Amino acid sequence: MADPEVFRARVASAIAQDAWVVDGNYTGVGARDLVWARADTIIWLDYSLWRCLRRLVPRIVERIRDQEELWPGTGDRESIGNAVFAKDPLVWFAIRTHRGRRRRTVDALARPEFAHLEVHRFRRPVETERWLSRI
């Protein structure tokens, strides 16, 4: 994990280009302000906690089984230990943070400095698929 200053500098460099796509909002490292200020469109997959968990658990099981690196070049791999017994296992993290992340995103999108954003908020995959088929 890069220091926050290094990470912000990397993000700033990446989004200095004319066209780019960023996955995630990086609120924990404080880069969302950089990204959203330069973005023109937000695609928000605001799926229910139940749907997120139904997708997350099989991905965790698959990563444990296949032992693929989580991030290429890091050597980090999913294990039963970190999936279940870690300080903040991913499933519990998703349950614990889902509602608050949704509320903070709504609040952030209401701020005047982000009024320029075109926001596409999808609550179900069928909505996302329908929108994607039209673009």
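This is a predicted model, so every value here is computed, not measured.
- Residue Trp20 qualifies as enclosed at atom CH2: its count of foreign heavy atoms under 6.0 Å is above 12.
- Qualifying ring-ring contact (aromatic ring centres under 6.0 Å, His included) partners for Phe93, counting only residues two or more places apart in sequence or in other chains: none.
- When all heavy atoms of Ala83 and Ile60 are compared, the pair lying nearest together is CB-CG2, 3.7 Å.
- Across Ile15 and Leu34, no two heavy atoms sit closer than the pair CD1-O, 3.3 Å.
- Rounded to the nearest 0.5 angstrom, Arg59 CZ and Leu90 CG are separated by 8.0 Å.
- The number of heavy-atom neighbours closer than 6.0 Å to CD of Glu68, taken from other residues, nucleotides and ligands shown, is 12 or below.
- Here the closest heavy-atom approach between residue Arg38 and residue Gln17 is recorded as NH2-O, 2.9 Å.
- Note: Phe114 and His116 have tilted aromatic rings, judged against thresholds of 30 and 60 degrees for the angle between ring planes.
- Minimum heavy-atom separation, Leu49 to Ala94: CD1-O, 3.7 Å.
- Considering all non-hydrogen atoms of both residues, Pro125 and Arg51 come closest at CD-NE, 3.2 Å.
- The residues Glu127 and Arg124 are annotated as salt-bridged, a charged nitrogen and a carboxylate oxygen being separated by less than 4.0 angstrom.
- Around CZ of Arg65, the count of heavy atoms belonging to other residues, nucleotides or ligands within 6.0 Å exceeds 12.
- Using a 4.5 Å cut-off on side-chain heavy atoms (C-beta onward), Trp44 and Val106 make contact.
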